Amino acid sequence: MTREELMRKAIELSVLNVSRGGGPFGAVIAKDGEIIATGANRVTSENDPTAHAEINAIRAATEKHGTCDQAGCETYSASEPCPMCLGAIYWAHLDRLFYGNSKQDAARIGFDDAFIYREMELRPEERRLKSEVLLPDEAKKAFNDWMKKDDKAEY
């Protein structure tokens with residue numbers, strides 16, 4: 001399939017999801033023009049704030065490939081990914097991202113992630129989500145144990 005056909009599939013998923021009562025988001029993961037996985041927004045239907053289209057597509061792709069590393073694949077998203085989804089795309093090592101609607105387009109219909117980007121720039125104590133360090137010395141045990149492992153799975 002061409003890039004345009006893959007993008008049209010992501011858009012089709014977003015339109016279909018709206019008709020089924022979901023959010024206007026769809027995503028496709030493809031490799032060499034072949035669809036590997038798809039996802040649609042399932043936040044309200046699954047009561048899961050992480051069930052965004054891109055996350056669902058990544059979950060399906062990793063299950064299919066049996067690895068969290070999706071290098072060699074591309075993401076097609078009906079809308080510019082939110083910060084969570086963009087982070088997941090980076091962590092999955094997807095090679096490229098194509099999207100239709102911009103984050104400004106999404107903000108105009110009530111899906112505004114700008115506050116998250118602003119919050120990320122603040123020091124933790126200045127963020128709306130109150131945060132504080134607690135038991136850091138105890139927490140470091142897992143990090144120290146990880147660093148000593150010879151058989152760790154790098155990702």
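The structure presented is a predicted model; accordingly, all values stated were derived computationally and were not measured.
- I89 and I36 fall within the same hydrophobic cluster, defined by Ile, Leu, Val, Met, Phe, Trp and Tyr side-chain heavy atoms under 4.5 Å apart, directly or through other members.
- The residue from T50, N17, N56 that alone fulfils the side-chain hydrogen bond (donor to acceptor under 3.5 Å, both in side chains) condition with R42 is N17.
- Within a 6.0 Å radius of CZ in F98, other residues, nucleotides and ligands contribute more than 12 heavy atoms.
- Linking ILVMFWY side-chain heavy atoms closer than 4.5 Å, directly or via other members, places Y99 and L13 in two distinct hydrophobic clusters.
- Between E12 and K9 a salt bridge is recorded (basic side-chain N to carboxylate O distance below 4.0 Å).
- Closest non-hydrogen pair, G21 versus T44, comes out as O-OG1, 4.2 Å.
- For CD of E63, the number of neighbouring non-hydrogen atoms (other residues, nucleotides, ligands) closer than 6.0 Å is 12 at most.
- No side-chain heavy atom of R118 sits under 4.5 Å from any side-chain heavy atom of R128.
- Checking S102 against E80 by side-chain atom types alone, no donor-acceptor pair falls below 3.5 Å.
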- Which is it for F111 and F25 under the ring-ring contact (aromatic ring centres under 6.0 Å, His included) test, yes or no, and what are the steps along the way? CA-CA 11 Å; F111 296 93; F25 304 100; 4.9 Å; yes

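- Between L94 and I29, the closest side-chain pair of non-hydrogen atoms falls below 4.5 Å.
- A donor-acceptor pair under 3.5 Å is formed between the side chain of Q70 and the backbone N or O of T67.
- V18 and I11 are not part of a single hydrophobic cluster, where members link through side-chain heavy atoms under 4.5 Å apart.
- Taking hydrophobic clusters as Ile, Leu, Val, Met, Phe, Trp and Tyr residues chained together by side-chain heavy-atom distances below 4.5 Å, L135 does not share a cluster with F143.
- Using a 4.0 Å cut-off between charged side-chain N and carboxylate O, K141 and D145 make a salt bridge.
- Minimum interatomic distance between L6 and V28 (heavy atoms only, all atoms of both residues): O-CG2, 4.0 Å.
- When each of E119, E121, E125 is paired with R123, the salt bridge (Lys or Arg N to Asp or Glu O under 4.0 Å) condition holds for E125 and for no other.
- Once rounded to the nearest 0.5 Å, the distance linking OG of S45 with CZ of R20 reads 10.5 Å.
- In terms of modelled atom types and a separation under 3.5 Å, the side chain of D48 and the main chain of V43 share no donor-acceptor contact.
- In this structure, D151 places its CG atom where more than 12 heavy-atom neighbours from other residues, nucleotides or ligands lie under 6.0 Å away.
- Side-chain atoms of R127 come within 3.5 Å of backbone atoms of L122 as a donor-acceptor pair (strictly under, hydrogens ignored).
- Hydrophobic cluster membership is shared by I58 and L97, with clusters built from Ile, Leu, Val, Met, Phe, Trp and Tyr side chains linked at under 4.5 angstrom.
- Among pairs with a residue in residues 29-40, none fulfils salt bridge (Lys or Arg N to Asp or Glu O under 4.0 Å), at least two apart in sequence or across chains.
- For R8, the CZ atom sits in a loose shell: 12 or fewer heavy atoms of surrounding residues, nucleotides or ligands are nearer than 6.0 Å.
- With Y117 as the aromatic partner, K103 meets the cation-pi criteria of under 6.0 angstrom to the ring centre and within 45 degrees of the ring axis.
- In terms of modelled atom types and a separation under 3.5 Å, the side chain of N41 and the main chain of G22 share no donor-acceptor contact.
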